[in-house]
Structure formats: C-alpha cells, structure tokens
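What follows is a set of notes on a single structure, which appears directly below.
Nothing fancy with the numbering, it's 1 onward along the sequence. What you see below is based on every heavy atom in this structure, not just the backbone, and it leaves out hydrogens, waters and symmetry mates.
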Amino acid sequence: MRGLQLPLSQTQRIRLQRALEKLQSLSCKANSDASVTVADTIPVNYEAALLKGHGTTDLNGDLVATVCGVVERINKLVYVRALRARYKPEVGDIVVGRVVEVSQKRWRLEINFSLDAILMLSSMNMPDGIQRRRTALDELNMRGIFEENDVVCAEVRNFQHDGSLQLQARSQKYGKLEKGQLLIVDPYLVKKSKQHFHHLEQFGIDLVLGRNGFIWVGEHVEARDSMVVDQANSSEQSMVPEEKNKTHTPLEMRQNICRIANAVRVLSTLGFSIDADLILETVELSSTVKIDIHDMLGSEFHVLVAEREAERRSLVGKRKR
C-alpha cells in the first residue's frame, strides 16, 4: 500500500490491506524466492556450477540480491530482474511507440527505451503490399505513412552498434494505430506471451499489449494496409459528406474504449500483471456492480478489484491442490 496514492477511507484502507496481504501470502506460497529485496538471500544449489548475473553478489558465502526485483534462472545463470526500470528490449518483442522524428529513409520512435528506436523505410510494409525496392518517391511520401506524434506498432528486429534499436513492420498487423488511447504502464507488468494482439469482439476493440509498457486500446480495424499515399488524396477529394461522417467514432465505441482503458489504469495502479483476460474480468466487474466509467478510477473500485483478484487466486490455488 505504500506506493498507492488513493484517497481511502478507514474501511477501504482495511479492506485493501487485507486483500493485498492475502495476495502476498499466496504469492509467497507459490514461489518463495520469486521476489527479493536488497540483501535478501537467494537459495541456490552450490554443488552445481553457478553463474552470478546482474543484481546478485557473493556475501559471506551466500548469494544475495543487490536490487529489488524478481529472481530469474536461465540454465546455470541466476540474476535479478529489476522491477520499475526502463524497458529492456529483446529481439522479437512487440512494441508500441510514438513517432518523434521523420528523417532520411527512417522514422525515430519513442518506445520507453534509453534511446529512440529506428524504423527504416526498407523495413516497412509498403501500402501497395508489393515487395519492391524503395524509390525516391517513397521517401518523399514518408509523411503520408507516418508523421510526428503518430502511434505505431512494430517488432524489434535487432540492435545497432550504438545500442539503439531497429524495428520492422513487415506484416499487415503492424502499422499506424488510430481512433483509440495510448496508455503507459510499468514494462514489468506486461509479460511476454504468444499473443500480444487481441481483438475483443464483444466490444469491437483492438488491444495491443506492448512489451515496452505502451498499451493501445482502439477501435477494431480489419486491415492496416489502407495507408496508400497516392490514393489518399484522391479519396479525400471524392469523399462525400455522408462518408466523412462514417469516419467519426460512435459514442458507444468511445465509451467502450474508455472503460477498457480505465480497467488497465486500475490494474497498473494496483501493480497487477496485465493481460487480456484480467482486463476483461475487470471490465465485467465494473458492469456487474454498475460503476460508471469515470467512477472506475475511484478508491472503491480499486478495492473491489483487489478483493476480486485475491479471491480468484485463492480459488486457483485450491484447485491445484
């Protein structure tokens, strides 16, 4: 509760404290050495060969943590992955970023990394969908594809010699994200999974969980290949007023976007891992207790979500037994 900045009443404070204590006890039972603080001893098998990684040190014959975080083990390597730190990218990560600069044959994106990521024109899926060499005309039309402050989804391709990232967007699922909200959470809350693109059919929403802590909640689109530069100007000129009105997001859709976005904000405030299932459960809880969208950010709903999550994890633990 130390990190929560919520105006809680005395009753709400007691309820929230009980729920968080229950969650902590369940986490400790599931994995006793999962989370560590500075100077905590990390249990290891000293008989086997051991490699000490980042966040660990040898003190009086024991392996202790030098940072607060989660213990990770890869074969013989033991290290501590710090929480509340900047994003540490890996090749293949799905990221969401914002364009900060359009330069020669490349876009620079802010992705919550120490350096801006680079998306080359040659690593971009062209609007016409044809695999061909990029021409001078393509370079002149770059702002017709992405411009400053556009939100873009891409994949980490590799690292440059200077430590910066190079992205790629060679699939139709990547590209510009429109008609939605960009949310920023701590990167450690978004776990790596097989699926980071989610279509919430009951709401008509696209949910993109970026590994860098950037989460996109927006109106569903069938394809992302509608950014044809040469056809854009002609289509805008020939568009009648009735067709222009169709481009506006309906009120119900905007309400769905805001409700799902507020569910993500609540989970982030409580420090829960964010995935599509937990987001949907939080949205369903808000509808069940009939809480308005703007009231979801209030103290009472935070307490309800914490209590619900403690009850759910308790039931899951009992089933495993």
Side-chain angles (χ1 to χ4, degrees), residues 1-9 11-38 40 55 65-72 79-88 93 95-96 112 181-193 196 198 207-217 259-286 289 291 295-317:
M1 291 180 60
R2 181 176 56 185
L4 295 178
Q5 301 294 332
L6 294 173
L8 299 169
S9 65
T11 303
Q12 291 172 340
R13 187 177 299 276
I14 294 174
R15 290 167 54 197
L16 182 59
Q17 186 174 3
R18 288 177 178 175
L20 295 180
E21 288 177 352
K22 185 175 182 180
L23 287 169
Q24 185 176 6
S25 63
L26 292 172
S27 177
C28 291
K29 292 178 181 179
N31 194 348
S32 59
D33 65 333
S35 300
V36 292
T37 59
V38 178
D40 281 354
T66 58
V67 296
C68 298
V70 178
V71 178
E72 300 284 356
Y79 68 97
V80 178
R81 176 172 54 85
L83 300 181
R84 302 192 182 278
R86 293 186 70 89
Y87 168 58
K88 294 182 178 179
D93 281 355
V95 298
V96 178
N112 196 25
Q181 291 188 27
L182 177 64
L183 308 172
I184 301 177
V185 302
D186 290 322
Y188 77 91
L189 296 178
V190 182
K191 305 298 182 183
K192 191 169 187 176
S193 63
H196 285 266
H198 302 276
L207 176 68
V208 183
L209 303 177
R211 285 278 290 129
N212 56 332
F214 286 14
I215 297 178
W216 176 260
V217 182
R259 186 173 291 275
I260 295 173
N262 282 349
V264 174
R265 292 186 178 99
V266 171
L267 296 174
S268 174
T269 302
L270 294 172
F272 294 160
S273 296
I274 298 176
D275 56 45
D277 294 335
L278 190 54
I279 292 173
L280 287 176
E281 290 178 6
T282 306
V283 172
E284 292 175 0
L285 177 62
S286 67
V289 298
I291 291 184
D295 291 333
M296 291 177 64
L297 301 180
S299 303
E300 179 62 24
F301 188 66
H302 282 79
V303 176
L304 291 175
V305 172
E307 291 176 338
R308 192 281 317 272
E309 181 65 12
E311 182 179 357
R312 186 186 69 84
R313 294 188 188 182
S314 178
L315 292 175
V316 171

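The shortest side-chain heavy-atom distance between Thr282 and Arg308 falls under the 4.5 Å cut-off. Val303 has its side chain within reach of Leu8: a pair of non-hydrogen atoms, C-beta onward, lies under 4.5 Å apart. Here the side chains of Leu207 and Ile215 are in contact, with some heavy-atom distance below 4.5 Å. Side-chain contact between Val217 and Ile279: absent, with no pair of heavy atoms (C-beta onward) separated by less than 4.5 Å. Side-chain contact between His302 and Leu16: absent, with no pair of heavy atoms (C-beta onward) separated by less than 4.5 Å.
For the side chain to side chain donor-acceptor pair (under 3.5 Å) test, residues two or more places apart in sequence or in another chain that qualify with Glu72 are Arg81. Scanning for salt bridge (charged side-chain N to carboxylate O under 4.0 Å, His left out) contacts around Lys88 gives an empty result, with sequence neighbours left out. Applying the side-chain contact (heavy atoms from CB on, under 4.5 Å) test to Ile184 and every residue at least two apart in sequence or in another chain returns Phe214. Remark: Glu21 pairs with Gln17 by the side chain to side chain donor-acceptor pair (under 3.5 Å) rule, at least two apart or across chains.
Environment of CZ in Arg312: crowded, with over 12 heavy atoms of neighbouring residues, nucleotides or ligands closer than 6.0 Å.
Panel note: side chain Asn212, backbone Tyr87; no donor-acceptor pair is recorded below 3.5 Å. His196 places no side-chain N or O within 3.5 Å of a backbone atom of Gly210 that could act as its donor or acceptor partner. A distance-only check finds no donor-acceptor pair linking the side chain of Ser286 to the backbone of Ile291 [under 3.5 Å].
Across all their heavy atoms, Gly213 and Val190 have their closest contact at CA-CG2, 4.5 Å. Nearest heavy-atom pair across Asn112 and Pro187 is ND2-CG, 3.4 Å. Here the closest non-hydrogen pair linking Pro7 and Ser299 is O-OG, 3.0 Å. The two residues Ala19 and Ala310 have their closest heavy-atom pair at O-CB, 3.9 Å. Smallest separation of non-hydrogen atoms from Ala65 and Val36: CB-CG2, 3.7 Å.
Separating the CD1 atom in Ile260 from the NE2 atom in His198 is a distance of 12.0 Å, to the nearest 0.5 Å. Within the model, atoms CD of Glu307 and NZ of Lys22 stand 9.5 Å from one another, a figure rounded to the nearest 0.5 Å. Put simply, CH2 on Trp216 and CG on Leu183 are 9.0 Å apart, with the number rounded to the nearest 0.5 Å. Atom CD of Gln12 is separated from atom CG of Leu304 by 9.0 Å, given to the nearest 0.5 angstrom.
Sorted by first and then second residue, the salt bridge (Lys or Arg N to Asp or Glu O under 4.0 Å) pairs involving residues 295-306 (not counting sequence neighbours) are Arg15-Glu300.
If you check the side chains of Asn262 and Arg265, you find a donor sitting under 3.5 Å from an acceptor.
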Determine all donor-acceptor pairs shorter than 3.5 Å in which one atom belongs to a side chain in residues 270-278; sequence neighbours excluded.
| unit_1 | atom_1 | unit_2 | atom_2 | d |
| --- | --- | --- | --- | --- |
| Asp275 | OD1 | Asp277 | N | 3.2 |
| Asp275 | OD1 | Leu278 | N | 2.7 |

